[in-house]
Amino acid sequence: MSRAHREYFNQLAPQWNTKVSDDPVLYHYLVRFGITQGDTVLDVGAGTGRLTSHLANLVGLQGLVAAVDIAERMLSEAKWSMQHNHTVFVCSDICTLTLKNGCFDKVICFSVFPHILDPQSALHEIYRVLKPGGKLLILHTRNSRQLNAFHASLNGVVSRDVLPPIQKMEHLASQAGFDSQTLSESENLYWAEFIKPESHRSYRLISK
Ligand SMILES: C[S@@+](CC[C@H](N)C(=O)[O-])C[C@H]1O[C@@H](n2cnc3c(N)ncnc32)[C@H](O)[C@@H]1O
């Protein structure tokens, strides 16, 4: 766990909602990703819950959203503003989750990946907690070049945080066992979508 990142985001927690906007396009991105009623979804680096409440509305009472963050003050803000009883809050580094294997239909990393110190461990842990056939979306509303320039302009620990170009992300995800679904990087969007293959698929390949 990065103590420096945890402190950095804890300090920002009280003003976070004034710094970021609740852009309606985010809701449409979640629909496009295929979040549906009854899904179990992991919201990685949930912060103050900018995506979490949209996710809770989309999965409905039959579904569940787990909001994970290393910064407890960010999560406190999220809890304070959210009334859904089908949402759980977990204060943890994504690299060392203590959740069960194969319990999520979908995982979303929105505006968090560059801040994770050990991306390979994070991808392995996400792969572990996804169900076979489950999907991961790494989403940003800027491309990697724009985002990396933005981080470099900031003071503090995040100034060295880097989002890999999408081809490098594809390579990292494939090393963790993922297949690529949709990879798209344009001016205002970084969309890296992966799937955990169904286990019977590798059996079929072996038995041919
Ligand atoms: C840039 S903020 C984005 C928060 C939220 N997704 C949003 O868009 O408003 C990044 C968040 O990721 C969290 N974070 C950073 N590294 C993490 C890690 N290794 N595991 C879990 N959360 C992490 C930070 O504490 C912070 O709340």
Heavy-atom distance under 4.5 Å between the side chains of Val44 and Ile108, does that happen here? no

Charged tip of Arg32 within 45° of Trp191 ring normal and under 6.0 Å: yes

To the closest 0.5 Å, what do you measure between OH (Tyr8) and CD1 (Ile70)? 12.0 Å

Which value, rounded to the nearest 0.5 Å, describes the distance between Thr52 atom OG1 and Lys79 atom NZ? 12.0 Å

Residue pair Arg50 / Leu26, side-chain heavy-atom distance below 4.5 Å: yes

Can Glu170 and Ser180 be said to form a side chain to side chain contact (heavy atoms under 4.5 Å, CB included), step by step? CA-CA 7 Å; Glu170 181 178 25; Ser180 298; 3.0 Å; yes

Would Phe89 and Val65 show up in the same hydrophobic cluster when neighbours are defined by side-chain heavy atoms closer than 4.5 Å? no

Straight-line distance of Gln181 CD to Ile195 CD1, nearest 0.5 Å: 4.5 Å

Measure the spacing between CG of Leu42 and CG of Leu99 and express it to the nearest 0.5 Å. 7.0 Å

Answer yes or no: is there a donor N or O on one side and an acceptor on the other, between the side chain of Asp93 and the main chain of Thr96, under 3.5 Å? no

Can you check whether Val158 reaches His5 side chain to side chain, under 4.5 Å on heavy atoms? yes

Is there a path of hydrophobic side-chain contacts, each under 4.5 Å between heavy atoms, that joins Met169 and Phe178? yes

Correct closest heavy-atom pair for Asp39 and Gly34 would be OD2-O, 3.7 Å

Take Arg6 and Glu72, measure what salt bridge (Lys or Arg N to Asp or Glu O under 4.0 Å) needs, and give me the verdict at the end. CA-CA 8 Å; Arg6 185 173 155 212; Glu72 66 279 9; 3.1 Å; yes

Nearest atoms (heavy-atom pairs only) where Arg128 meets Lys196: O-NZ, 3.9 Å

Heavy-atom pair with the smallest gap, counting every atom of Asp69 and Gly47: OD2-N, 2.8 Å

Spell out, yes or no, whether Val157 and Leu154 are grouped together once hydrophobic residues are joined by side-chain heavy atoms under 4.5 Å, including indirect joins. yes

Are the side chains of Lys131 and Phe104 in touch, meaning some heavy atoms are under 4.5 Å apart? no

Beyond-backbone contact of Phe194 with Ile138, side-chain heavy atoms, under 4.5 angstrom: yes

Among the clusters formed by ILVMFWY side chains lying less than 4.5 Å apart, do Val25 and Val31 turn up in the same one? yes

Short side-chain to backbone donor-acceptor contact, Asn10 and Arg73, under 3.5 Å: yes

NE2/His28 to CG/Asp23 distance, rounded to the nearest 0.5 angstrom? 9.0 Å

Shortest non-hydrogen contact between Tyr190 and Pro164, atoms and distance: OH-O, 2.8 Å

Would you indicate whether the side-chain heavy atoms of Thr87 and Ser53 approach each other to under 4.5 Å? no

Determine whether a donor-acceptor pair (N or O, by modelled atom type, separation under 3.5 Å) exists between the side chain of His151 and the backbone of Arg160. no

From Leu139, Leu123, Ile94, Leu147, residue fulfilling side-chain contact (heavy atoms from CB on, under 4.5 Å) relative to Phe113: Leu123

Other residues, nucleotides, ligands: >12 heavy atoms within 6.0 Å of Asn155 CG: no

For the residue pair Asp105 and Val41, establish whether any side-chain heavy-atom pair is separated by less than 4.5 Å. no

Mind checking the CZ-CG spacing from Phe150 to Asp161? Nearest 0.5 Å is all I need. 11.5 Å

Centre-to-centre under 6.0 Å for Phe9 and His115, is that the case here? yes

Taking Arg142's backbone N and O only, do any of them form a donor-acceptor pair with Glu187's side chain (distance below 3.5 Å, no angle check)? no

Contacts of Ser144 meeting side-chain hydrogen bond (donor to acceptor under 3.5 Å, both in side chains) (sequence neighbours excluded), chain-then-number -> Glu185

Side chain to side chain contact (heavy atoms under 4.5 Å, CB included) for Trp16 and Glu77? Distances and angles first, verdict last. CA-CA 9 Å; Trp16 189 257; Glu77 296 285 329; over 6 Å; no

Under 4.5 Å between any side-chain heavy atoms of Val59 and Thr40, yes or no? no

With no hydrogens and no angle check, is any side-chain donor or acceptor of His171 less than 3.5 Å from a backbone partner on Gln167? no

With hydrophobic residues grouped by side-chain heavy-atom distances under 4.5 Å, do Leu51 and Tyr29 end up in a single group? yes

Do you know which two heavy atoms are closest between Val68 and Ser92, and how far apart they sit? CG1-O, 3.5 Å

Side chain to side chain contact (heavy atoms under 4.5 Å, CB included) between Leu183 and Glu193, worked out: CA-CA 6 Å; Leu183 301 171; Glu193 185 179 328; over 6 Å; no

Distance alone, cut at 3.5 Å: any donor-acceptor contact between the side chains of Thr48 and Asn17? yes

Tell me the closest heavy-atom pair linking Ile116 and Pro119, and the distance in Å. O-CD, 3.8 Å

Would Cys95 and Glu125 count as a side chain to side chain contact (heavy atoms under 4.5 Å, CB included) if you check the C-alpha gap in whole Å, the side-chain angles of each, and the deciding distance to 0.1 Å? CA-CA 6 Å; Cys95 302; Glu125 196 60 350; 5.7 Å; no

